Amino acid sequence: TGEIKPYPLKGKKLNLDIAINEKTAFITGSFHKQYNLDNDLGSQNHNDFNYSKIKLTTEQIIETFKIAKSTSITNLELGFNIIINEDPQKYIDDYLLMYDLKAPNRNEKFLGKGDYKEFRKTDYYFKIYNKSKTNKLDKNILRVEIKIIRKRLLELLGVYSLENILEKKVLNNIFELLMQKFEGLTIIDEFNEIDIPPDELERLKNYMHDNYWIRIKHRKTSKQIYTFKKDFRMLQIKYKLNKTKDEIRRKLYSKFNELINDYDYSQKKVA
């Protein structure tokens, strides 16, 4: 008939992108950046985004867009900015080797503006990058993120609709998933080769390369591979090569407890 249909419609509200089709509508974007833009803090997510801010932003979005309870979430990302002792570039380039004994799917430098490693799985991505470099910050800030890309995993965590994000139990479920996947990272400290006997040093160097695990996958039995993995763990413990990983783990738990309980350590009064 020559009639122009109104769909698809596209729009933007600060950080959020809105796309409306004849039967569906999607909103995508960072709630953290949305809050910062709404409060004149810039389009960034390197500051803390605690539970009160999550609740406020989520409720505002539900009200603004008249989101129904049946509205589902198809992707969800949870990330933490932690202050570490050394340059995050060293952590990422030198210490972070593998995830599930596999090399990163993406290992990028952002054209000299940042350091980034991403490990992709069927239901989620695990990402670690140099937040201080990408945002030109004075502090050593490492960002650790998990991005869930399958609805089936979200539902296992109790995420069915946007309102579930307001439940602390659900946020705790997502955080526990992040920490569970964090344990799959191979993060090895620097070591002095002369401190390790030659036979153990050779095994350790082999274990630290993803090609070794690829090579033995079809040459060794499952039982043999399990033995090698156990030996790798024991060598790390014996020569205390997990201090960096222990530090990051401790700081992730501390940061989550701080944010979920709205505790601002910068405002702590000293008697």
Side-chain angles (χ1 to χ4, degrees), residues 4-82 123-127 131 134-135 141 143-179 252 254-267:
I4 299 175
K5 295 184 178 181
Y7 300 108
L9 297 173
K10 294 184 178 181
K12 194 173 185 70
K13 177 176 171 57
L14 299 178
N15 170 74
L16 301 178
D17 293 306
I18 302 98
I20 304 173
N21 298 315
E22 205 160 353
K23 295 182 179 179
T24 59
F26 295 90
I27 300 175
T28 59
S30 166
F31 283 18
H32 191 166
K33 289 182 179 181
Q34 183 76 6
Y35 174 88
N36 284 333
L37 285 166
D38 207 29
N39 289 275
D40 299 321
L41 297 173
S43 180
Q44 51 86 10
N45 64 350
H46 59 72
N47 61 343
D48 284 342
F49 191 48
N50 62 24
Y51 177 74
S52 292
K53 295 173 183 176
I54 293 173
K55 188 172 185 292
L56 175 64
T57 306
T58 303
E59 288 175 343
Q60 285 177 339
I61 289 171
I62 289 173
E63 175 59 30
T64 299
F65 296 102
K66 308 301 180 187
I67 293 175
K69 288 184 178 180
S70 59
T71 300
S72 63
I73 295 179
T74 56
N75 283 253
L76 184 64
E77 186 172 284
L78 181 69
F80 294 91
N81 304 315
I82 57 173
D123 292 343
Y124 62 90
Y125 299 163
F126 203 92
K127 301 184 283 184
K131 198 65 177 177
T134 55
N135 291 86
I141 299 179
R143 185 167 178 87
V144 180
E145 291 182 357
I146 188 167
K147 181 174 182 179
I148 304 168
I149 58 171
R150 290 288 184 272
K151 191 176 179 181
R152 63 186 181 186
L153 180 54
L154 286 168
E155 291 182 350
L156 284 174
L157 299 169
V159 182
Y160 296 91
S161 66
L162 191 56
E163 289 188 323
N164 295 132
I165 301 302
L166 303 178
E167 302 172 35
K168 287 190 176 183
K169 180 181 178 181
V170 169
L171 293 173
N172 187 74
N173 290 343
I174 302 167
F175 174 70
E176 287 301 327
L177 176 71
L178 181 147
M179 294 309 301
L252 284 170
S254 176
K255 178 58 70 174
F256 175 72
N257 288 328
E258 174 188 339
L259 297 179
I260 198 72
N261 294 307
D262 291 337
Y263 190 80
D264 187 351
Y265 287 93
S266 66
Q267 301 299 319

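All figures in this text were calculated on a predicted structure; none of them were measured in a lab.
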If the condition is side-chain contact (heavy atoms from CB on, under 4.5 Å), which residues does [X] pass it with, not counting sequence neighbours?
X: T64; answer: K13
X: L56; answer: Y35, Q60
X: N47; answer: H32, N36, L41, Q44

Item to check | Sequence neighbours excluded - ring pair (Phe, Tyr, Trp, His ring centres under 6.0 Å) pairs with any residue from residues 145-170 | outcome: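 As it turns out, there is no ring pair (Phe, Tyr, Trp, His ring centres under 6.0 Å) pair with a partner in residues 145-170 once direct neighbours are skipped.
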Return the [atom1] to [atom2] distance between [X] and [Y], rounded to the nearest 0.5 Å.
X: L252; Y: I82; atom1: CG; atom2: CD1; value: 4.5 Å
X: N15; Y: Q34; atom1: CG; atom2: CD; value: 5.5 Å
X: K168; Y: N172; atom1: NZ; atom2: CG; value: 10.5 Å
X: N81; Y: I141; atom1: CG; atom2: CD1; value: 6.0 Å
X: I61; Y: L162; atom1: CD1; atom2: CG; value: 7.0 Å
X: I148; Y: Y125; atom1: CD1; atom2: OH; value: 13.0 Å

Of all the heavy-atom pairs spanning [X] and [Y], show the shortest one and how long it is.
X: L37; Y: S43; result: CD2-N, 3.7 Å
X: V170; Y: L157; result: CG1-O, 4.0 Å
X: F65; Y: L16; result: CE1-CD1, 4.0 Å
X: L171; Y: I260; result: CD1-CD1, 3.7 Å

Tell me every residue that passes salt bridge (Lys or Arg N to Asp or Glu O under 4.0 Å) with [X], counting only those two or more places apart in sequence or in another chain.
X: K66; value: E63
X: E59; value: K55
X: K12; value: D17

Next on the checklist: Enumerate the salt bridge (charged side-chain N to carboxylate O under 4.0 Å, His left out) contacts for residues 44-54, please, sequence neighbours excluded, ordered by first and then second residue.
Outcome noted: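 Only D48-K255 qualify under salt bridge (charged side-chain N to carboxylate O under 4.0 Å, His left out).
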Checklist entry - Do any pairs count as a salt bridge (charged side-chain N to carboxylate O under 4.0 Å, His left out) and have a residue in residues 28-47, sequence neighbours left out, and if so which ones? => result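 Not a single pair qualifies under salt bridge (charged side-chain N to carboxylate O under 4.0 Å, His left out).
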Taking distance alone, no hydrogens or angles, what donor-acceptor pairs closer than 3.5 Å link side-chain atoms of residues 72-79 to residues at least two apart or in another chain?
residue	atom	partner	partner atom	Å
E77	OE1	K127	NZ	3.0

Item to check | Partners passing ring-ring contact (aromatic ring centres under 6.0 Å, His included) against H46 (at least two apart in sequence or in another chain) | outcome: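 By the ring-ring contact (aromatic ring centres under 6.0 Å, His included) rule, H46 matches no residue at all.
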Checklist entry - Taking only residues two or more places apart in sequence, or in another chain, which ones meet F256 in a ring-ring contact (aromatic ring centres under 6.0 Å, His included)? => result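 For F256, the residues satisfying ring-ring contact (aromatic ring centres under 6.0 Å, His included) (neighbours in sequence not counted) are F175.
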Next on the checklist: Show, in sequence, the C-alpha distance, side-chain angles and deciding distance for I54 and F31, and conclude whether the side chain to side chain contact (heavy atoms under 4.5 Å, CB included) test is met.
Outcome noted: CA-CA 7 Å; I54 293 173; F31 283 18; 5.8 Å; no
Checklist entry - Does the side chain to side chain contact (heavy atoms under 4.5 Å, CB included) test come out yes or no for L259 and F80, once each step is laid out? => result CA-CA 10 Å; L259 297 179; F80 294 91; 4.1 Å; yes
Checklist entry - Should Y51 and N261 count as side-chain neighbours, where that means a heavy-atom distance under 4.5 Å? => result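 No, too far: nothing below the 4.5 Å cut-off.
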Next on the checklist: Show, in sequence, the C-alpha distance, side-chain angles and deciding distance for D262 and S52, and conclude whether the side chain to side chain donor-acceptor pair (under 3.5 Å) test is met.
Outcome noted: CA-CA 7 Å; D262 291 337; S52 292; 2.4 Å; yes
Checklist entry - Between N164 and E167, does any side-chain donor sit less than 3.5 Å from a side-chain acceptor? => result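 Yes, E167 and N164 have a side-chain donor paired with an acceptor closer than 3.5 Å.
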Checklist entry - Is the closest basic N to carboxylate O distance between K147 and E145 below 4.0 Å? => result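 Not counted as a salt bridge, because no side-chain N and carboxylate O are separated by less than 4.0 Å.
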